[in-house]
Every structure is written in C-alpha cells, then in structure tokens.
Amino acid sequence: MRTPLKPLTRRGLLTGTLGSAALVAAGGALAGCGTKAATQTEEGCKSEDLSATEKKLAFANWPQYLDVDEKDESKRPTLDAFVKRTGIQVTYTEDINDNNEFFGKVQNQLAGCQSTGRDLMVLTDWMAARMIRLGWIQKLDKAKLPNVEANLLPSLRNRPFDSDNQLAIPWQSGLAGLAYNAKVTKEIRTVDQLLTRADLKGKVTALSEMRDTMGLLLQSNGHDPANFTGAQFDDALNKLKKAVDSKQIRKFTGNDYAPDLAKGDIAACIGWSGDVIQLGFEDEKIKFVVPESGVMLWSDNMLVPNKATHKGNAEELINHYYEPAIAAQVAAYVNYICPVKGAQAEMEKIDPELAKNPLIFPDDALLSKSKVFMALDEKQEKEYESKFQQVIGA
C-alpha cells in the first residue's frame, strides 16, 4: 500500500514542532539528567515481570508509525494479528510526538525508579542512547528474540550505544541525505555542491536535527561521524556557518521542507528518505541522493523501560515484528527502511515496486556508505547541541 505524503510525518515530528524555546527547555532538562540521583543501575532498580500471569502490554509509539486498515482505520492488521495469536491484549498509544517532550513526560518516574505505565516505547537513537546511559532501560532476553537474532540487518547490529543488541531493537530506520527538485535545478551529488553552488543560493534548506546535518558535513570533510574529535566537529560546523553567513542556506527545518521542495520554492535540501519517497510518489522529479561522501543512518528503537512489568510480553511483540511478512506490512505503510532481512521478498507480494526501492530495502553498497552518529556523553551532547544551535540561529 502507498500512502500519500502525510501532513506531518513521524520523522518530521522529531524536530518540526521543536522551536527554540522548547530547545532551551530541553537543554535545561538535560542539564539535570546526569546527576547521581537520576542515574539508575540494574542492581539498584529491579523490575518484576508479570507476563506469565498478566497477558497485557502497554505500547507507546509515534503517530502514523504502524499500519492501519485502509477501510477501517481503527484496525491495525499486524497488531491485531499479534493479539489473536498470543492472547496478549495491547494498549497502543500514539503519545510520542517529540523525543525531548517525551523525555520530560517520563523523566521523573525513571529517575526515581518508578513505573511510567508503559512496557514498550519507541525512541530515536540519540534519545535511546541517553536513556541507556542513565540506566533507565531493561536488558532484553536474546533467547526470546530468535527472529531478531536471525533477521536484524547487519548494518544495525553492534551500534555504539548498544554494542550487544540487548537494549534497543530498531523499529524502523531511515537515511538523511540530499534531495532536489529536478524541475528547478540540475542534479546534485555532493554536500559541497549543496553548500556552495551559485545557482542554489538562497534555495537550500538543512535539517534542524544536529546529528543528521552535522553527520553529513563531517563525512563531506572526510571524517567519520561515528568516531570524530571535537576539532573535526568544529571544522564541519565552520563549513556550515559559511553557508549560513553567505545566505546559501535559507533556513533550517524539521520535515516542513517537504511541501516547499515539492512546489519548487526550494531547489535542494538535506532531507529524510521517507519524506522524499512519499514526495516521489506524487512527482518523479523529486529525487533523493546519497552523497558521494556518505549518508547518515538513523533508527527509532523499541525499548523496555525500568519498572515495566510485562517485559516478556514486550519481547514477544518485538519478535513478532521481526517476522519478515509482518515487517513488510509495516514497511508498506510507513515507507522507511525496513530493518528486517527477508521482508523484501515478502514485499514482492504486497507491492513489487516498493520491493525494488533502495530507500526501503537498501543494498549492501548503499549500507556500506551509511554511518550512525557517534554516541555522545552528557558533556558532549550539551556542547555540540549548543554550538549547532548558535550557528543555525534557533
């Protein structure tokens, strides 16, 4: 199934609603989140699993991030299949609209080793890394996740913030790269072209998500965004500042660049693969480009927070979504990278054209050019975010 471009996609919700005031507030929340009182340990904050006697599960996710029945939007076919097969009743809520906002919702409970009322939640890499760093996430039992062990894409294994794949399991992934509208500009292949080409001056946007924009700039300078120094970050930031000062970049956005790109109001941008796929369904002149220097790979991850009392049930659900046929159904709806090996063959039965789309099922050549942004400690996170916000004028 193909969905039209949604008014606000899941990835856009990550940053599109986060203005400068919210960023200041988020920074204040972060400033206190590394204190000794907020940090937990596995020994100091034990969780009881009642899955054997309580067949239920509370699952928190982002809006429009799970398949729905075209004829009855109250039905979610893959989730309904899980309930029917296991007897586990799932309370599904779309109550994650922004990573920092959600952090504020659950911070006090998790810092105090208290229940959030959620057994499973989906958060982006950097927020997952923060919560893992704070000791707020339960370890999963790999023996209960055979589908994950068998089918998780190699490129999403052993990530910096979860080296043993035991805390954060990718729900969906995506790419941050370049996009352009071929109706109003010629092909673009590199980050440097985006930032310096005279015909693009004032017609370019970049993402307000620091890790995506700065990851691409680090790569364009020949540095590894998965392992860089402070000096390398500053070099990439100086390149960005020059493009801002010269007015090459018109503005920084969440996913609100998408309508402007579709109309030709902007000619090129740093953008997200899922948005561009959806735009491409409406207009084949909208192109996503993997820069010659590389592309950024991100994931939204399934996490079981401390004091969740149905970890076993959550593990069953995670395992369910790593069945290739189930994963293909979800991918057909959300149009981001499917993290499950074998789902591409299943997608052939749903939509053969989507099965050929490298932005949903990337090949090894594309994945070899992708990087996950380095896991940051609290000091680095505050320093880099602050420097970035100063340059982009948030």
Side-chain angles (χ1 to χ4, degrees), residues 10 13-15 17-18 21-63 65-66 88-141 161-162 166-171 299-318 375-378 381-382 385:
R10 203 246 32 99
L13 285 163
L14 173 63
T15 52
T17 59
L18 195 62
L23 282 162
V24 171
L30 176 59
C33 77
T35 62
K36 188 173 182 180
T39 304
Q40 297 294 342
T41 65
E42 192 173 358
E43 297 76 22
C45 186
K46 295 185 180 297
S47 304
E48 182 182 9
D49 189 1
L50 304 176
S51 297
T53 55
E54 295 185 359
K55 304 295 278 185
K56 61 182 182 179
L57 169 67
F59 182 11
N61 205 345
W62 299 75
Y65 217 22
L66 185 63
I88 296 170
Q89 298 302 308
V90 180
T91 301
Y92 184 77
T93 54
E94 295 181 325
D95 64 343
I96 304 176
N97 289 302
D98 174 272
N99 281 287
N100 275 312
E101 179 187 68
F102 187 76
F103 182 87
K105 284 183 184 180
V106 300
Q107 178 182 11
N108 290 341
Q109 295 100 311
L110 291 173
C113 188
Q114 298 170 356
S115 172
T116 66
R118 301 166 179 87
D119 298 300
L120 191 65
M121 55 193 189
V122 177
L123 296 171
T124 307
D125 289 330
W126 61 272
M127 182 57 74
R130 184 194 294 181
M131 289 197 173
I132 289 168
R133 187 175 73 227
L134 290 166
W136 292 356
I137 303 301
Q138 294 189 50
K139 285 186 178 179
L140 302 171
D141 183 351
F161 59 89
D162 184 24
Q166 208 170 357
L167 292 158
I169 306 301
W171 170 252
S299 298
D300 293 319
N301 304 275
M302 294 179 278
L303 309 161
V304 177
N306 286 350
K307 289 298 179 178
T309 52
H310 304 101
K311 182 170 81 80
N313 293 341
E315 288 164 338
E316 281 200 59
L317 186 137
I318 293 169
L376 304 178
D377 61 29
E378 182 185 349
E381 188 169 30
K382 289 167 65 177
E385 285 282 7

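Summarising the geometry, atom OG belonging to S51 is positioned 7.0 Å from atom CD1 belonging to I88; distances are rounded to the nearest 0.5 Å. Here the CH2-CG distance, from W171 to L303, works out to 13.0 Å after rounding to the nearest 0.5 Å. A distance of 12.0 Å separates CZ of R118 from OG1 of T91, quoted to the nearest 0.5 Å. One distance of note links CG of D300 with CG of L123; it measures 8.0 Å at 0.5 Å rounding. Annotation: the span from N313 atom CG to I318 atom CD1 amounts to 11.0 Å, rounded to 0.5 Å.
The heavy-atom pair separating Q138 from P305 by the smallest distance is NE2-O, 2.9 Å. For N301 against T124, the heavy-atom pair with the smallest separation is ND2-C, 3.9 Å. Taking each heavy atom of A168 and D162 in turn, the nearest pair found is N-OD2, 3.0 Å. Between A308 and S47, the shortest heavy-atom contact is O-CB, 4.2 Å. A38 and W136 make their closest contact through O-NE1, 2.7 Å (heavy atoms, listed as atom of the first residue, atom of the second, distance). Nearest heavy-atom pair across I96 and V122 is CD1-O, 3.4 Å.
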**Request:** Start with the C-alpha distance between K105 and E101, add both sets of side-chain angles, then the distance that settles salt bridge (charged side-chain N to carboxylate O under 4.0 Å, His left out), and finish with yes or no.
**Result:** CA-CA 7 Å; K105 284 183 184 180; E101 179 187 68; 5.0 Å; no
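A 4.5 Å side-chain heavy-atom check between C113 and N306 finds every atom pair outside the cut-off. Side-chain contact between L317 and L120: present, with at least one pair of heavy atoms (C-beta onward) separated by less than 4.5 Å. Contact of the L57 side chain with the E316 side chain is not registered, since no non-hydrogen atoms from C-beta on lie closer than 4.5 Å. N100 places a side-chain heavy atom less than 4.5 Å from the side chain of R130. Here the side chains of M121 and M131 are in contact, with some heavy-atom distance below 4.5 Å.
Side-chain atoms of D119 never come within 3.5 Å of backbone atoms of V304 as a donor-acceptor pair (strictly under, hydrogens ignored). Of the possible polar contacts, none joining the R133 side chain to the F161 backbone as a donor-acceptor pair under 3.5 Å is found. Checking side-chain atoms of Q166 against main-chain N and O of D141 turns up no donor-acceptor pair under 3.5 Å. Judged by distance alone, with hydrogens and angles left aside, the side-chain atoms of K46 form no donor-acceptor pair with the main-chain N or O of K307 at under 3.5 Å.
Applying the salt bridge (Lys or Arg N to Asp or Glu O under 4.0 Å) rule to D377 yields no partners; only residues at least two apart in sequence or on another chain are considered. Among residues two or more places apart in sequence or in another chain, the salt bridge (Lys or Arg N to Asp or Glu O under 4.0 Å) test is passed with D125 by R159. A search for salt bridge (Lys or Arg N to Asp or Glu O under 4.0 Å) contacts involving E94 returns R76, not counting sequence neighbours. Legend: residues meeting side chain to side chain donor-acceptor pair (under 3.5 Å) with Q109, ordered by chain and number and at least two apart, are absent. Residues that satisfy the side chain to side chain donor-acceptor pair (under 3.5 Å) test with S115, not counting sequence neighbours, are absent from this structure.
Listed by first and then second residue, the salt bridge (charged side-chain N to carboxylate O under 4.0 Å, His left out) pairs involving residues 49-60 amount to none (not counting sequence neighbours).
Taking the six-membered ring for Trp and the full ring otherwise, the centers of W62 and F102 sit at least 6.0 Å from each other.
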